[in-house]
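Remember, it's a predicted structure, so these values are computed and weren't measured experimentally.
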Amino acid sequence: MLCCVMVRPKNSQFALIPLAAFVLWTGPAAAHSQQSRRTGDRGVSAIRVAANGSADYSTVQAAIDHLPPTGGVVLVAPGTYREQVIINASHITLRGTGSDSSKTILVDDTSQGTRGSKPSYATVHVLGDDFRAENITFQNDFNRTHEQVSAGSQAQALNLEGDRNILSNVQILANQDTLYIGARGCGQAGSLRTPPPSSTSFPPATQSVPPAARTPCAPAVTRSYFTNCVVAGNVDFIYGDGNAVFNDCEIHNTEHAAGGYVTAQGKYLKDQQSTFVFNHCRLTGEPGLAHVYLGRPWRPFASVVYLNCVMGAHIDPEGWHEWHPGDTHSLDTAFYAEFQSTGPGANPSAREPKSHQLTKAEAKQFETSRFLAGADHWNPLKQVK
């Protein structure tokens, strides 16, 4: 994404890697046996990872690469894993073996500006369908060593481009562009997308497609469900054109001199099925933070809905903001709405006039089981324990 503001960030409890020593997994040692096990997940294959080398593998990527084509479960012991993880296959589950998600950390510090030949600037980039994550933290700590500036500081913690994703008890932490949720077929750049990668290789960043091989962007619907999660950032930190429901999550704004923007939803097509829904979430911010907006439209068409959310005082009374005031007019075509917002940041009378306050009947269409159902009648509520 293009960026906007220069800032010298201050430390945040959400944006820094814990400085304590690794907490190592103490289960039965596997000593790189490379032998898959079975879990309670309908008998699927499972591989264990421990940072101290006491399990099948010491890196998450190595474990994923050794799962069968049908997918499987990667059981990740408490610890810090500094690596970039690319997941091309479907039916992959990453599960921290401890219940405290902050003790199991996948972290990288790649940004859009420092990416070079790396395949992504996300710490974890998921292209397969039916991805699940539990009890784990995805973090991009680029700003630990770099100032957040007006170009190149976009640094994703997690990128999701598959369908039917479920994330439970996870933390997704960065500053700008923390979480990308995209439809399949277009990518962030839009329009012209390379063919889907194989299950064994991700297209390198330098790969180009001859003009004759390119096709117009045709976004395919993807759906993601987040529950009991923390997502932290400051500028456009939840963005993309996928469908997503955030249920009972904390959406936390880290420090930013100019305030910030929670979402930057952006659809390629006017009638594209693509909306971010926040239901019973808590919007929090660093002490003293102000002028944070619920969203701004990344593209001319955008759709974001907040249902029953508690909003902190850092949320600006206007609520919603134009992408580039005076240059763009995307608020005219965006669908921004709230239903029963509460807290000091809830201010329906002062909201941007082009936004909406939903009735109970209108809000009902965004209930999780209905909104994410699709043609396959998917209901993540039945899969989350």
Side-chain angles (χ1 to χ4, degrees), residues 1-5 14 154-160 165 167 172-183 188 222-226 229-247 249-254 256 258-268 272-285 289 291-312 314-325 328 330-331 333-339 341 345-346 351-352 354-356 358 366 371:
M1 288 178 57
L2 296 177
C3 126
C4 39
V5 198
F14 287 98
Q154 302 91 329
Q156 299 172 348
L158 179 64
N159 182 312
L160 297 173
N165 305 302
L167 296 93
I172 307 167
L173 314 178
N175 281 322
Q176 183 173 353
D177 291 10
T178 301
L179 172 62
Y180 174 76
I181 308 164
Q188 294 182 68
T222 60
R223 297 159 293 175
S224 297
Y225 177 70
F226 302 79
C229 297
V230 174
V231 186
N234 53 32
V235 176
D236 307 332
F237 65 95
I238 302 174
Y239 76 109
D241 66 333
N243 288 286
V245 171
F246 298 83
N247 180 66
C249 292
E250 179 176 1
I251 310 301
H252 184 81
N253 274 79
T254 59
H256 191 289
Y261 308 92
V262 176
T263 66
Q265 220 273 351
K267 302 190 282 189
Y268 291 105
Q272 182 181 345
Q273 184 182 339
S274 170
T275 301
F276 293 168
V277 178
F278 299 85
N279 194 0
H280 289 95
C281 291
R282 302 164 303 284
L283 277 63
T284 63
L289 188 64
H291 304 301
V292 170
Y293 292 87
L294 299 173
R296 60 177 182 164
W298 179 19
R299 301 187 180 101
F301 306 105
S303 183
V304 180
V305 176
Y306 289 85
L307 307 175
N308 311 296
C309 291
V310 180
M311 301 184 177
H314 62 298
I315 299 299
D316 192 272
E318 192 175 3
W320 309 93
H321 199 274
E322 182 58 65
W323 181 252
H324 288 304
T328 60
S330 299
L331 282 175
T333 49
F335 179 76
Y336 285 149
E338 297 172 67
F339 175 70
S341 297
R351 288 295 193 250
E352 158 61 47
K354 295 169 185 175
S355 66
H356 306 271
L358 301 178
F366 297 105
F371 175 69

Exercise for the section: Mind telling me whether F246 and F276 have parallel, tilted or perpendicular rings, with 30° and 60° as the class edges? Expected result: perpendicular
| task | Could you walk me through whether L307 and L358 pass the side-chain contact (heavy atoms from CB on, under 4.5 Å) test, one step at a time? | result | CA-CA 9 Å; L307 307 175; L358 301 178; 4.3 Å; yes
By ring-ring contact (aromatic ring centres under 6.0 Å, His included), F339 pairs with (sequence neighbours left out) none
Sorted by chain and residue number, the side chain to side chain donor-acceptor pair (under 3.5 Å) partners of T333 (sequence neighbours excluded) come out as none
Review point. Quick one: are F278 and L294 in side-chain contact, heavy atoms under 4.5 Å?
Key: no
Tested for side chain to side chain contact (heavy atoms under 4.5 Å, CB included) against M311, the lone hit among V262, I251, L283, V292 is L283
Residues at least two apart in sequence or cross-chain that pass ring-ring contact (aromatic ring centres under 6.0 Å, His included) with F237, listed by chain then number, are none
For H314, the ring-ring contact (aromatic ring centres under 6.0 Å, His included) test, sequence neighbours excluded, returns none
Practice problem: Using atom types as modelled and distance alone, determine if a side-chain donor or acceptor of E322 lies under 3.5 Å from a backbone N or O of L331. | Solution: yes
CZ of R223 to CD1 of I181, rounded to nearest 0.5 Å, is 14.0 Å
Interatomic distance, SG@C249 vs NE2@H280, rounded to 0.5 Å, equals 12.5 Å
Between the NZ atom in K267 and the OG atom in S303, the distance rounded to the nearest 0.5 Å is 5.0 Å
Here the gap from N234 atom CG to D177 atom CG, rounded to the nearest 0.5 Å, amounts to 9.5 Å
d(I172 CD1, F226 CZ) to nearest 0.5 Å is 5.0 Å
Modelled atom types, side-chain donor and acceptor of Q265 and S274, under 3.5 Å
yes
| field | side-chain contact (heavy atoms from CB on, under 4.5 Å) between Y336 and E352, intermediate numbers included | value | CA-CA 9 Å; Y336 285 149; E352 158 61 47; over 6 Å; no
In D241, D236, I238, L160, the residue satisfying side chain to side chain contact (heavy atoms under 4.5 Å, CB included) with Y180 is D241
Between Y239 and W323, is the ring centre distance below 6.0 Å? no
Query raised in the report: Would you say the side chain of F301 lies within less than 4.5 Å of the side chain of Q272, judging by non-hydrogen atoms?
Result: no
When T275, V245, N279 are each screened for side chain to side chain contact (heavy atoms under 4.5 Å, CB included) with V305, the one that passes is T275
Sequence neighbours excluded, the answer for side chain to side chain donor-acceptor pair (under 3.5 Å) partners of S330 is none
Sorted by chain and number, sequence neighbours left out, ring-ring contact (aromatic ring centres under 6.0 Å, His included) with H356 holds for F335
